[in-house]
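The block underneath contains the structure these notes are about, expressed in structure tokens.
Not measured: the values here are computed from a predicted model. In this chain, numbering begins with 1 at the start of the sequence shown. The basis for the numbers below is simple: all heavy atoms, side chains too, and nothing from hydrogens, waters or symmetry mates.
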Amino acid sequence: MNRDELKMRLKQFALRVIKLVDNMPKTRSGHALANQIIRSGTSPYANYCAACIAKSEKDFLNKLKMVEEELDETAHWLELVIDSEMIERNRLESLHEENLELLKIITRSIITMREKINKS
């Protein structure tokens, strides 16, 4: 997968997160989780875009780590929504799976970049 393809996947993920948040229950807990998810679920796209124009390999790596952290956090929030039954599990499973897949891709990219930097 090249940078543009990953960028598009992260953008599509962010758009799906926006739709999810707009459909969260209008309860106190729904608002609280929605606020967390909208922040952590949309920032990986912006942070990856920033990584793509990084000034150095180390800068790129640091920005990828930010993407990783936000995707990891989003996975936890989505699990809470699923486990709380706030939204039906079957409506969130594919979003949660995409979240975990993107996290694996970014984690692998971080490992590859670390290896590249350490060889330099």
Side-chain angles (χ1 to χ4, degrees):
M1 174 178 301
N2 66 37
R3 286 184 180 194
D4 289 335
E5 291 169 336
L6 183 52
K7 195 182 291 186
M8 282 307 301
R9 275 185 75 176
L10 287 164
K11 182 178 183 179
Q12 289 305 311
F13 179 76
L15 291 170
R16 289 177 69 191
V17 165
I18 291 167
K19 288 179 184 176
L20 164 67
V21 166
D22 286 345
N23 288 296
M24 296 277 290
K26 307 300 184 218
T27 61
R28 189 173 189 181
S29 58
H31 287 294
L33 288 174
N35 287 337
Q36 295 294 332
I37 294 170
I38 194 70
R39 185 195 55 74
S40 68
T42 56
S43 67
Y45 170 62
N47 286 324
Y48 187 74
C49 289
C52 289
I53 59 168
K55 305 293 185 240
S56 67
E57 289 177 342
K58 286 184 179 181
D59 187 31
F60 179 74
L61 179 61
N62 286 331
K63 287 176 174 38
L64 278 186
K65 288 179 192 176
M66 292 169 46
V67 174
E68 179 187 41
E69 289 173 11
E70 296 297 335
L71 286 169
D72 183 61
E73 182 179 333
T74 303
H76 295 296
W77 293 125
L78 290 175
E79 288 169 16
L80 276 177
V81 173
I82 291 168
D83 292 345
S84 71
E85 300 178 348
M86 193 174 286
I87 293 183
E88 294 174 25
R89 177 179 296 274
N90 63 350
R91 290 181 55 203
L92 289 180
E93 283 180 343
S94 69
L95 180 62
H96 188 245
E97 288 171 12
E98 176 69 354
N99 187 165
L100 296 177
E101 192 172 324
L102 287 167
L103 182 56
K104 286 178 189 175
I105 292 167
I106 294 297
T107 301
R108 185 65 209 142
S109 297
I110 289 169
I111 291 167
T112 301
M113 185 54 66
R114 278 188 183 138
E115 290 170 352
K116 183 178 179 182
I117 290 171
N118 288 336
K119 286 181 183 176
S120 300

Establish, from distance only, whether the side-chain atoms of S40 and E70 form a donor-acceptor pair under 3.5 Å.
-> no
If you round to the nearest 0.5 Å, how far is CZ of F13 from OH of Y48?
-> 15.5 Å
Distance-minimising heavy-atom pair for R3 and C52 | NH1-O, 3.4 Å
Heavy atoms from other residues, nucleotides or ligands near NZ of K65 exceed 12 (cutoff 6.0 Å) | yes
Evaluate the side-chain proximity of D72 to H76: yes if any heavy-atom separation is below 4.5 Å, no if none is.
-> yes
E98 side chain reached by Q12 side chain, heavy atoms, under 4.5 Å = no
Cluster overlap L6 with L100, hydrophobic side-chain contacts below 4.5 Å | no
How far does CG of N23 sit from CD1 of I18, to the nearest 0.5 angstrom?
-> 12.5 Å
Can you tell if the side chain of S109 reaches within under 4.5 Å of the side chain of E68, non-hydrogen atoms only?
-> no
Look up atom CD1 in I82 and atom CD in E79, then write down how far apart they are to the nearest 0.5 Å.
-> 7.0 Å
Can you find a pair of side-chain heavy atoms, one from E88 and one from R91, that are under 4.5 Å apart?
-> yes
Can you tell me if NZ on K26 sees more than 12 non-hydrogen neighbours from other groups inside 6.0 Å?
-> yes
Should we count CD of E115 as having more than 12 external heavy atoms under 6.0 Å?
-> yes
Transitive ILVMFWY side-chain link I105 to L15, under 4.5 Å = yes
When every non-hydrogen atom of I37 is compared with those of L20, the smallest separation belongs to CG2-CD2, 4.3 Å
Residues that E97 engages under side-chain contact (heavy atoms from CB on, under 4.5 Å), provided they are two or more places apart | E93
Does the salt bridge (Lys or Arg N to Asp or Glu O under 4.0 Å) test come out yes or no for E57 and K116, once each step is laid out?
-> CA-CA 9 Å; E57 289 177 342; K116 183 178 179 182; 3.2 Å; yes
Are N2 and E5 side-chain neighbours, meaning at least one heavy-atom pair lies under 4.5 Å?
-> yes
Does S43 offer a backbone N or O that forms a donor-acceptor pair with the side chain of N47 under 3.5 Å?
-> yes
Is it possible for you to say whether L80 and L92 belong to one hydrophobic cluster, with membership spreading through side-chain heavy-atom contacts below 4.5 Å?
-> yes
Between T42 and V17, which heavy-atom pair has the shortest distance, and what is it?
-> CG2-CG1, 4.4 Å
Is M1 reachable from L103 through a run of I, L, V, M, F, W or Y residues, each pair having side-chain heavy atoms under 4.5 Å apart?
-> yes
What distance separates T112 OG1 from I117 CD1, expressed to the nearest 0.5 Å?
-> 11.0 Å
Does a side-chain heavy-atom distance below 4.5 Å link K58 with M113?
-> no
I106 to L64 - nearest heavy-atom pair and separation = CG2-O, 3.6 Å
Taking the side chain as every heavy atom from C-beta outward, state whether Q36 and T74 have any atom pair closer than 4.5 Å.
-> no
With sequence neighbours excluded, what pairs up with D59 under the side-chain contact (heavy atoms from CB on, under 4.5 Å) test?
-> A54, K55, S56, K63
When clusters are formed by joining ILVMFWY residues with side-chain heavy atoms under 4.5 Å apart, either directly or through shared neighbours, do M66 and W77 land in the same one?
-> no
Specify the closest pair of heavy atoms between A75 and H96, including all atoms of both residues, with the distance to one decimal.
-> O-NE2, 3.7 Å
Could you pull out the closest heavy-atom pair between G30 and M24, with the gap in Å?
-> O-CE, 3.7 Å
Would you call Y45 and V67 a side-chain contact if the rule is heavy atoms closer than 4.5 Å?
-> no
First locate atom CD1 of I38, then atom CG of L33, and finally report the distance between them rounded to the nearest 0.5 Å.
-> 13.0 Å
